[in-house]
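The structure appears below as structure tokens.
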Amino acid sequence: MSRYIIDKKGLEENIALIKEKAGAEVIGVVKGNGYGFGISEFAKTLKENGINAFAVTEVDDISEVREAVCDSEILVMRSTCIEAEARIIAENDCTATIGSTESAGVMNAVGESLGKKIKCNLKIDTGMGRYGFLPSQVEQAAKCYDLPYLEFTGIYTHFSSAFADGELTRAQMTLFRDTVKQLESTGKNVGKVHAANSPALFNFENMSLDRVRIGSAFTGRLIAQKKTGLNRLGRLEAEVIDTKTVPAGYSIGYCGLYTTKRETKIAIVPIGHYDGFGITYQNVNNNFHSVLSQLKKYLKKEKLQVKVNGRKYDVIGDIGLSHTAIDITGSDVKAGDTASVDISPLLVNPRIKRIYK
């Protein structure tokens, strides 16, 4: 049976390094099933290591995170005009994101119906193009602070290209700082100010402000322009379930796309596309870094590999939904040996058990 293994000690070391690097309050972003690490256990581990504020994007995740982190702050990074979603946010004492006049009105109405003020963060759109008031809409944003059932405790923006474009990222930061100053000049108390995500924190200086929002850096799997010192965490494991020897000229896998060139000993590992193995991100932007990475892999003729007993073996044949064949010729690999693959947690099927060791 396959399982996804997370080295808890390595995760704790990453948390400590991130806190030192940030020099500011760290918000643990646990969206996407805790970046694939399992939302509940991931949140608990962050809290055990001094992280006391969390962020999600999906309203459906709130109850599980609330159970894991008790009374810690949960920021919902979703400016919503849907009354049912706003009510869930408010009823669970989360911090709402206000990114439009409409969302402010809906949240204020929910607060009035519940007879309580709702904590909120104002969202400024400096170039991501999703939620948020434009910098030119400061006057509209300022009016939200006057709504009686909204209590603004922070303000933030989101960088669109902190993993690749330094000039654009710095321009967004300058625009954000200027917008914050404009709001403050109207007499509004904006609260805690935050902008940096994982790539921004590790790729650029002076990005922390009052808080930082960190997700992928905890896993050690972020796009950085230099070495981060973070542990790269997460591996998919399963036991070898059978071995066999086939002659030269024998076809392996669907459509017989691979043919052995010699007598070959193979091992069968119960890991496949269903588990996330062999699945890759589709980069719709075709940015330079992605193209360069694919070119390097082609020139190196890189193959997918599976590690067994500390040694890597090439995958042969097409990967199936739940099985993969590897070439173990000349080895003593046997059924029952543990096989593992390095795979991003975001690609691993959420139904696969996450195990912290």
Using a 3.5 Å distance criterion without hydrogens, assess whether the side chain of Arg211 forms a donor-acceptor pair with backbone atoms of Ala196.
no
Intermediate values then yes/no, side chain to side chain contact (heavy atoms under 4.5 Å, CB included), Met207 and Leu201
CA-CA 6 Å; Met207 290 284 173; Leu201 178 64; 5.7 Å; no
Roughly how far, to the nearest 0.5 Å, is CD1 of Ile316 from NZ of Lys303?
9.5 Å
Can you list the steps and then say if Lys117 with Leu150 is a side chain to side chain contact (heavy atoms under 4.5 Å, CB included)?
CA-CA 5 Å; Lys117 283 197 170 187; Leu150 301 187; over 6 Å; no
Is it possible for you to say whether Phe204 and Ile18 belong to one hydrophobic cluster, with membership spreading through side-chain heavy-atom contacts below 4.5 Å?
yes
Output, in order, the C-alpha distance, side-chain angles, deciding distance and verdict of side-chain hydrogen bond (donor to acceptor under 3.5 Å, both in side chains) for Ser79 and Arg130.
CA-CA 9 Å; Ser79 177; Arg130 298 191 303 205; over 6 Å; no
Would you check if the side chain of Ser103 reaches a backbone N or O of Thr80 as a donor-acceptor pair within less than 3.5 Å?
no
Gap between atom CZ of Arg221 and atom CG of Leu346 - 0.5 Å precision
9.0 Å
Do Ser100 and Cys81 come close enough that some side-chain heavy atom pair is under 4.5 Å?
yes
Any non-hydrogen side-chain atom of Val190 less than 4.5 Å from a side-chain atom of Tyr145?
yes
Spell out, as yes or no, whether a donor-acceptor pair under 3.5 Å connects the side chain of Asp337 to the backbone of Lys334.
yes
Minimum heavy-atom separation for Thr228 to Ala224, with atom names?
CG2-CB, 3.6 Å
Determine whether Asp165 and Arg170 satisfy the following criterion, salt bridge (Lys or Arg N to Asp or Glu O under 4.0 Å), listing intermediate values before the conclusion.
CA-CA 9 Å; Asp165 193 330; Arg170 284 185 282 270; over 6 Å; no
After noting the C-alpha distance and the side-chain angles of Ser216 and Thr219, does the key distance pass the side-chain hydrogen bond (donor to acceptor under 3.5 Å, both in side chains) rule?
CA-CA 5 Å; Ser216 61; Thr219 73; 5.8 Å; no
In terms of heavy-atom contacts, does NZ of Lys307 have more than 12 from other residues, nucleotides or ligands at under 6.0 Å?
no
Determine, using the 4.5 Å side-chain heavy-atom cutoff (strictly less than), whether Met173 and Phe202 are members of one ILVMFWY cluster.
yes
Show your reasoning for whether side-chain hydrogen bond (donor to acceptor under 3.5 Å, both in side chains) applies to Ser72 and Lys47.
CA-CA 9 Å; Ser72 294; Lys47 187 170 176 62; 2.7 Å; yes
Tyr250, OH: over 12 other non-hydrogen atoms inside 6.0 angstrom
no
Working to the nearest 0.5 angstrom, can you tell me the gap between Tyr131 OH and Leu122 CG?
15.0 Å
Side chains of His158 and Asp125: do they bring a donor and an acceptor to under 3.5 Å?
no
Have Ser113 and Arg87 got a donor and an acceptor in their side chains that come within less than 3.5 Å?
yes
Under a 3.5 Å distance rule, please check whether Asn108 uses its side chain to pair with a backbone N or O of Ala104 as donor and acceptor.
no
Would you check if Arg354 and Ile6 make a side-chain contact, meaning some heavy-atom pair closer than 4.5 Å?
yes
Flag, side chain of Asn231 to backbone of Gly10, donor-acceptor distance under 3.5 Å
yes
With Lys188 as partner, the option from Val138, Val180, Asp146 fulfilling side-chain contact (heavy atoms from CB on, under 4.5 Å) is Asp146
Kindly check if the number of other-residue, nucleotide or ligand heavy atoms within 6.0 Å of CD (Glu263) is above 12?
no
Considering all heavy atoms of both residues, which atom of Val193 and which atom of Leu209 are nearest to each other, and what is their separation?
O-CB, 3.4 Å
More than 12 heavy atoms of other groups within 6.0 Å of Glu184 CD
yes
When every non-hydrogen atom of Tyr313 is compared with those of Ser331, the smallest separation belongs to OH-CB, 3.3 Å
Mind checking whether Leu222 and Leu17 sit in one hydrophobic cluster, side chains of I, L, V, M, F, W, Y counted as touching below 4.5 Å?
yes
Reference residue Tyr4; test side-chain contact (heavy atoms from CB on, under 4.5 Å); the match among Ile355, Val348, Asp275, Asn349:
Val348
From Phe133 atom CZ to Lys143 atom NZ, the distance as rounded to the nearest 0.5 Å
10.5 Å
Short question: side chain of His273, backbone of Ile319 - any donor-acceptor pair under 3.5 Å?
yes
Could you measure the distance from the CD1 atom of Ile326 to the CG atom of Asp314? Nearest 0.5 Å is fine.
9.5 Å
Do any N or O atoms from the side chain of Thr157 and from the backbone of Ile124 form a donor-acceptor pair under 3.5 angstrom?
yes
Indicate yes or no for a side-chain donor-acceptor contact from Thr264 to the backbone of Thr260 under 3.5 Å, with no hydrogens or angles considered.
no
Distance only, no hydrogens: is a donor on one side chain within 3.5 Å (strictly under) of an acceptor on the other, for Glu73 and Thr95?
yes
Examine distances only and state if a side-chain atom of Gln172 and a backbone atom of Ser160 form a donor-acceptor pair shorter than 3.5 Å.
yes
Qualifying residue for side-chain contact (heavy atoms from CB on, under 4.5 Å) with Val30, from Ile51, Thr57, Leu46
Leu46
Using the rule that two of Ile, Leu, Val, Met, Phe, Trp, Tyr join whenever any of their side-chain heavy atoms come within less than 4.5 Å, decide whether Leu233 and Leu347 are in one cluster.
yes
With hydrophobic residues grouped by side-chain heavy-atom distances under 4.5 Å, do Phe42 and Ile214 end up in a single group?
yes
Main chain of Ile88, side chain of Asn92: is a donor-acceptor contact present, judged purely on distance under 3.5 Å?
yes
Evaluate Asn121 against Leu75 for side chain to side chain contact (heavy atoms under 4.5 Å, CB included), listing each step before the verdict.
CA-CA 8 Å; Asn121 273 203; Leu75 169 64; 4.1 Å; yes
Could you go through Lys353 and Met1, starting from their C-alpha distance and side-chain angles, then the distance that decides it, and tell me whether this counts as side chain to side chain contact (heavy atoms under 4.5 Å, CB included)?
CA-CA 10 Å; Lys353 188 173 183 179; Met1 182 179 295; over 6 Å; no
